[in-house]
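Notes to accompany the following structure.
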Amino acid sequence: MNLKKYLVVTLSSISLFSCSNLKNKGNDIELVQKYYNELNNSNYSKISQLVGDSITLSEGGYYMNFSENDYYRFFQWDSVFSPTYKVLEINQKNNTIEVTISKLCDRIQFLNEKPTTAKEIFEIREHQITTITTTELNFDYKLWDLKKNKIISWIKLNHPELDGFIYDQTKNGAQKYLKAIALYNKFNKL
């Protein structure tokens with residue numbers, strides 16, 4: 001009799017855990033989709049509810065660990081360029097969410113002349129995003145470097161007050177970046 005009760009309790013627990021796990025998978029996909037929606041809306045107050053107290057961004061073996069305040073500064077920098085993110089594909093793989101996105105913003109339009117695409121892996125703990133790892137990033141490296149080097153050189157000669165804009169990942173740095181692009185484009189249209 002005890003064996004039967006044990007089996008019933010065990011099977012019920014497994015069934016409940018499986019249903020709960022399936023529910024979390026759907027919720028995790030929704031969480032990542034909300035993250036990109038709020039990036040498109042430049043809504044940090046909602047994004048801050050989707051990420052943990054700290055978040056790690058990783059790309060090409062380079063890891064950036066952000067506190068909540070650090071991530072806010074990074075978010076401000078990115079938002080200045082008016083990015084548009086599109087989720088092209090999203091899948092649950094084990095305990096992660098794998099996403100293929102495209103991104104276009106004023107900076108990318110200038111440097112790449114078309115959207116970039118990326119594959120990213122999201123790690124989620126306690127229904128909050130804790131890590132985003134970029135595993136693939138596709139853009140025209142030659143064009144990007146050529147245009148980046150041209151604008152850096154041109155700004156250094158013609159608008160030294162903006163020199164260093166490319167390395168300043170703050171809101172102010174992004175605003176200088178946009179100003180540099182506008183000045184460079186205006187000069188090249190003459």
Side-chain angles (χ1 to χ4, degrees), residues 20-44 46-149 151-152 166-171 173-174 177:
S20 170
N21 210 16
L22 287 173
K23 186 177 178 184
N24 284 340
K25 285 182 180 182
N27 288 341
D28 288 348
I29 287 173
E30 288 175 24
L31 177 74
V32 172
Q33 288 172 325
K34 283 180 190 176
Y35 173 79
Y36 284 113
N37 288 340
E38 298 311 330
L39 282 176
N40 284 333
N41 294 328
S42 297
N43 189 340
Y44 186 76
K46 289 195 178 177
I47 288 173
S48 67
Q49 296 169 15
L50 304 175
V51 300
D53 292 339
S54 64
I55 186 168
T56 301
L57 303 181
S58 170
E59 183 179 315
Y62 182 68
Y63 294 87
M64 297 171 285
N65 297 310
F66 293 100
S67 67
E68 193 171 338
N69 288 336
D70 293 336
Y71 188 67
Y72 178 65
R73 279 191 292 278
F74 177 75
F75 167 82
Q76 286 182 309
W77 176 82
D78 190 54
S79 295
V80 169
F81 299 108
S82 303
T84 300
Y85 295 86
K86 290 183 183 171
V87 175
L88 304 175
E89 188 176 345
I90 188 166
N91 297 301
Q92 177 88 29
K93 299 274 178 137
N94 299 322
N95 295 324
T96 62
I97 304 295
E98 293 185 7
V99 184
T100 302
I101 60 155
S102 71
K103 179 181 178 183
L104 186 62
C105 66
D106 297 331
R107 180 180 64 92
I108 291 171
Q109 181 63 43
F110 173 77
L111 294 169
N112 199 58
E113 300 178 1
K114 63 183 177 189
T116 60
T117 59
K119 288 190 180 183
E120 299 182 328
I121 298 173
F122 283 71
E123 293 179 31
I124 298 168
R125 289 190 191 100
E126 297 178 17
H127 205 58
Q128 290 192 313
I129 299 165
T130 58
T131 305
I132 304 172
T133 303
T134 302
T135 58
E136 288 181 33
L137 183 58
N138 299 306
F139 62 95
D140 187 336
Y141 294 96
K142 288 181 183 178
L143 179 63
W144 189 287
D145 269 354
L146 176 71
K147 292 189 87 171
K148 179 186 76 165
N149 292 333
I151 193 171
I152 289 172
I166 200 132
Y167 305 108
D168 184 354
Q169 289 192 328
T170 64
K171 183 178 182 179
Y177 204 139

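One is the number of the first residue; the rest follow in order along the sequence.
- Taking CD1 from I101 and CD1 from I90, the interatomic distance works out to 10.5 Å, rounded to the nearest 0.5 Å.
- In this structure, CD in Q128 is found 9.5 Å from OG in S48, a value given to the nearest 0.5 Å.
- For the side-chain contact (heavy atoms from CB on, under 4.5 Å) with I129, the lone residue among T56, L31, I97 that qualifies is L31.
- Side-chain contact between Y35 and L39 is present, with heavy atoms from C-beta onward closer than 4.5 Å.
- Within the 3.5 Å criterion, the main-chain N or O of Y85 finds a donor-acceptor partner in the side chain of N40.
- To the nearest 0.5 Å, the span separating CG on L111 from CG on L146 amounts to 10.0 Å.
- Enclosure of atom CG in D53 is not indicated, since only 12 or fewer non-hydrogen atoms of other residues, nucleotides or ligands lie within 6.0 angstrom.
- Side-chain contact between K147 and E113 is present, with at least one heavy-atom pair separated by less than 4.5 Å.
- Here the CD atom belonging to E120 is positioned 8.5 Å from the CD atom belonging to E59, to the nearest 0.5 angstrom.
- Judged by distance alone, the side chain of K103 and the main-chain N or O of P83 form no donor-acceptor pair under 3.5 Å.
- In this structure a side-chain-to-backbone donor-acceptor pair under 3.5 Å is present from T130 to E123.
- No more than 12 heavy atoms of other residues, nucleotides or ligands lie within 6.0 Å of OH in Y62, so this atom counts as exposed by the packing criterion.
- In this structure, a donor-acceptor pair under 3.5 Å is absent between the side chains of S67 and N69.
- In this structure, Y36 has its ring center under 6.0 Å from that of F122.
- Residues Q33 and I29 have side chains in contact (heavy-atom distance under 4.5 Å, counting atoms from C-beta outward).
- Annotation: the span from K119 atom NZ to T134 atom OG1 amounts to 12.5 Å, rounded to 0.5 Å.
- Looking at Q92, its side chain does come within 3.5 Å of a backbone N or O of N94 through a donor-acceptor pair.
- Below 30°, between 30° and 60°, or above 60°: for F81 and Y177 the angle between ring planes is above 60°, a perpendicular geometry.
- T135 OG1 to E98 CD: the interatomic distance, rounded to the nearest 0.5 Å, is 7.0 Å.
- Although no hydrogens or angles enter the test, the distance criterion places a donor-acceptor pair under 3.5 Å between the side chain of N112 and the main chain of K114.
- Aromatic rings of Y72 and F74 (six-membered ring for Trp) have centroids beyond the 6.0 Å cut-off, not under it.
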